[in-house]
Amino acid sequence: MRIDILTIFPEFFDSLELSLMGKAQESGALAIKAHNLRDWTHDRHRTVDDSPYGGGAGMVMRVDVWTRALTDVLNSSAIKGRRVVMIPTPSGRPLTQTLAENLATADQLIFACGRYEGIDARFAELVAQDSAVELCEFSLGDYVLNGGEAATLVAIEAVGRLVPDVVGNAESLVEESHGQSGLLEYPVYTRPLDFSGAQVPQVLLSGDHEAVARWRHLKSLERTAQVRADLLQPGGKAHDSLSVLDR
Ligand SMILES: Nc1cc(-c2ccc3cc[nH]c3c2)n[nH]1
């Protein structure tokens with residue numbers, strides 16, 4: 001998967017050279033490039049924003065700069081297949097595991113990181129009209145950030161780890177929170193066996209793999225019921241997991 005990021009803070013994404021995302025770039029499973037939006041300005045001050053029509057506080061990012069930048073990235077990366085323009089915004093659709101799984105099948109993601117009061121609305125409108133790309137306006141949750149960069153980092157990690165050959169052991173993607181079961185993760189333990197009197201659950205020391213699997217599933221159900229009962233409602237992703245209680 002090719003990932004392009006348009007931002008006025010390209011150095012914000014230096015952390016993607018580390019850990020799993022860094023290894024995925026070395027292996028070629030992911031190709032990530034951050035571009036400085038100011039490279040597509042034409043004035044001496046490299047201006048990307050202006051005052052809002054209709055008045056109000058703050059500044060709005062210019063549609064001409066954004067459209068020039070996106071057009072250039074799309075034309076120069078020349079990726080065939082499914083291309084999605086990702087715009088982080090508080091008014092977007094929630095970034096869920098289901099959405100991340102869907103996006104992980106794309107050939108290219110292009111992230112448009114806004115700042116100030118956001119990007120001129122005509123930018124997203126023009127992207128939506130372009131049949132060569134999909135538009136995905138997404139939100140991390142109901143809280144407001146100062147810009148799109150942090151949301152983009154989260155989205156790249158959530159989607160990137162689902163791209164084939166990025167995570168070494170695909171098995172580990174199955175049992176995590178919001179994974180295939182839709183349940184929250186069970187508690188995990190490792191050495192020391194006794195820590196300040198706190199013990200490891202005996203079943204995990206039993207060597208009885210079936211009993212361990214059953215205990216883990218029940219702990220996941222318990223945790224999900226405590227913290228995210230909504231996931232267990234009819235239609236929720238974890239609702240089918242309740243059937244294990246009937247056995
Ligand atoms: N979920 C969420 C996204 C944002 C966001 C996204 C882009 C910009 C640009 C300027 N402020 C922004 C805030 N806040 N919260």
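First listed ligand is number 1; within each ligand, the first listed atom is number 1.
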Which residue and non-hydrogen atom of the protein lie closest to [atom], and at what distance in Å?
{"atom": "atom 2 (C) of ligand 1", "result": "Tyr143 O, 3.6 Å"}
{"atom": "atom 7 (C) of ligand 1", "result": "Pro88 O, 3.3 Å"}
{"atom": "atom 5 (C) of ligand 1", "result": "Pro90 CD, 3.6 Å"}
{"atom": "atom 10 (C) of ligand 1", "result": "Tyr116 O, 3.3 Å"}

Can a salt bridge be assigned to the pair [X] and [Y] using a cut-off of 4.0 Å between side-chain N and carboxylate O?
{"X": "Asp39", "Y": "Arg46", "answer": "yes"}
{"X": "Glu157", "Y": "Arg161", "answer": "no"}
{"X": "Lys219", "Y": "Glu222", "answer": "yes"}
{"X": "Arg82", "Y": "Glu134", "answer": "yes"}

Exercise for the section: Going by heavy-atom distance to atom 13 (C) of ligand 1, choose the closest among Leu145, Leu140, Thr89. Expected result: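 Residue with the shortest heavy-atom distance to the ligand atom: Leu145.
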Exercise for the section: Look at the aromatic rings of Phe138 and Phe111 and report parallel, tilted or perpendicular, splitting at 30° and 60°. Expected result: perpendicular
Practice task
Using the rule that two of Ile, Leu, Val, Met, Phe, Trp, Tyr join whenever any of their side-chain heavy atoms come within less than 4.5 Å, decide whether Leu37 and Val60 are in one cluster.
Solution key: no
If the cut-off is 4.0 Å to any non-hydrogen atom of [X], which atoms of ligand 1 fall inside it?
{"X": "Ser139", "value": "1 (N)"}
{"X": "Gly114", "value": "9 (C)"}
{"X": "Val144", "value": "14 (N), 15 (N)"}
{"X": "Gly141", "value": "1 (N)"}
{"X": "Asn146", "value": "10 (C), 11 (N)"}

Handout entry: Nearest-0.5 Å distance, CE of residue Met61 to CG of residue Asp50
Key = 12.0 Å
Handout entry: CZ on Arg115 to CG on Leu145, rounded to 0.5 Å
Key =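 Interatomic distance, Leu145 CG to Arg115 CZ, rounded to 0.5 Å: 8.5 Å.
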Handout entry: Side chain, backbone, both or neither: the part of Glu117 lying under 4.0 Å from ligand 1 by heavy atom
Key =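 Within the 4.0 Å criterion, Glu117 makes no contact with ligand 1.
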Fill in the blank from the handout: So for Ala151 against ligand 1, with non-hydrogen atoms under 4.0 Å, the contacting part is neither
